[in-house]
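As a basis for the values below, the full set of heavy atoms in this structure was taken, side chains included, without hydrogen atoms, waters or symmetry mates. Residue numbers begin at 1 in each chain, while the letters A, B, ... track the order of the sequences.
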There are 2 protein chains.
Amino acid sequence: MREYRHPQINEVQLGSVLYALSDPIRLAIVRQLAREGEATCAALENGHPKSSVSHHFRVLREAGIIKTRNDGTSRINELRTTELAEVFPGLLPAILAVPA
Amino acid sequence: MREYRHPQINEVQLGSVLYALSDPIRLAIVRQLAREGEATCAALENGHPKSSVSHHFRVLREAGIIKTRNDGTSRINELRTTELAEVFPGLLPAILAVPA
DNA sequence: TCCATAGTTCGATATAATTCGAACAATAGC
DNA sequence: GCTATTGTTCGAATTATATCGAACTATGGA
């Protein structure tokens, strides 16, 4: 399967990041990735249909919040924590500190 | 003119705050309020039609980000900086630290 | 090769948000 | 009371987003 386009970290827009994280499903995905480090898409489905979850991953990926790599038939996702801290210091920690 | 409903600070939802701030016009309003402390709606119009600006103020108000009080025919807006810091510590500073 | 697994993409529907003019409301001043 | 100023609300058009089934792609293993 083909590679994904991930934006360069300095192309990442604050507005897109905030928008992506304003959705409860996407925020839950991000919280879980923060806890677990990495996870496949399937591990983050939580009962939602695959196609919906795939959409949300795309939004997170294109906003610059997650990085997805291929591993066999799976995709492994992780937060771009360090890079995001460079351009938006304190933002992700402040969001993740809020109790779910 | 009647008073506005402002949510209690502990009713404020993270998702609503992030959504409200994901819009460029609303973020610009918030940045200007952070610089200037308070401002009337007219001072924040920046060439947009009144009705559009009024809509954005409402979104910000209902998200819990700004407080609006009446002063004659004007409304004076200010950020709920201290209260927001109680429930989402570091969030607003992190956002405002990003260069416009 | 055949089949299962993991995700993506397409397409259609439904819901929500943005935009802005026009009409309205409230206050201040003359 | 009349008028100007400030902002809200309504209504309608446009645009964007979410949702999810169905078809598809790619990989791995028997």
Is the backbone N or O of [Y] less than 3.5 Å from a side-chain atom of [X], with the two atoms forming a donor-acceptor pair by type?
{"X": "Ser54(B)", "Y": "Ser51(B)", "value": "no"}
{"X": "Arg5(A)", "Y": "Glu3(A)", "value": "no"}
{"X": "Asn77(A)", "Y": "Thr68(A)", "value": "no"}

Using the test salt bridge (Lys or Arg N to Asp or Glu O under 4.0 Å), find all partners of [X] that sit at least two apart in sequence or belong to another chain.
{"X": "Arg80(B)", "answer": "Glu83(B)"}
{"X": "Glu38(A)", "answer": "Arg69(A)"}
{"X": "Arg58(A)", "answer": "Glu62(A)"}

Quickly work out the [X] [atom1] to [N] [atom2] distance and round it to whole Å.
{"X": "Tyr4(B)", "N": "dA26(C)", "atom1": "OH", "atom2": "P", "answer": "12 Å"}
{"X": "Asn70(A)", "N": "dT8(C)", "atom1": "CG", "atom2": "C1'", "answer": "11 Å"}
{"X": "Ile76(B)", "N": "dT6(D)", "atom1": "CD1", "atom2": "P", "answer": "13 Å"}
{"X": "Arg69(B)", "N": "dA26(C)", "atom1": "CZ", "atom2": "C1'", "answer": "18 Å"}

Identify every side-chain donor-acceptor pair in residues 42-49 of chain A under 3.5 Å, counting partners at least two apart or on other chains, and give the distances.
none

Contacting residues from [range], given that a heavy atom lies under 4.0 angstrom of DNA chain C:
{"range": "residues 52-64 of chain A", "value": "Ser54(A), Arg61(A)"}
{"range": "residues 13-20 of chain B", "value": "Tyr19(B)"}
{"range": "residues 30-39 of chain B", "value": "none"}

Phosphate contact (dA26(D) OP1 or OP2) by Arg75(A) side-chain N/O below 4.0 Å: no

How would you list, by chain and number, every residue that makes a side chain to side chain contact (heavy atoms under 4.5 Å, CB included) with [X], sequence neighbours excluded?
{"X": "Arg35(B)", "answer": "Arg31(B), Gln32(B)"}
{"X": "Ala85(B)", "answer": "none"}
{"X": "His56(A)", "answer": "Asp23(A), Ile25(A), Arg26(A), Ile29(A)"}

Comparing Asp23(A) and Thr73(A) on DNA chain D - which has the more 5′ nearest nucleotide: Asp23(A)

Show every donor-acceptor pair shorter than 3.5 Å between a side-chain atom in residues 7-14 of chain A and any protein atom, with sequence neighbours excluded, or say none if there are none.
unit_1   : atom_1 : unit_2   : atom_2 : d
Glu11(A) : OE1    : Gln8(A)  : N      : 3.2
Gln13(A) : NE2    : Glu11(A) : O      : 3.4

With Leu96(A), the side-chain contact (heavy atoms from CB on, under 4.5 Å) member among Val30(A), Leu33(A), Leu91(A), Thr81(A): Val30(A)

Side chains of Arg75(A) and Tyr4(A) in contact at under 4.5 Å (non-hydrogen atoms): yes

Within residues 42-51 of chain B, residues whose heavy atoms come under 4.0 Å of DNA chain D: Ala42(B), Lys50(B), Ser51(B)

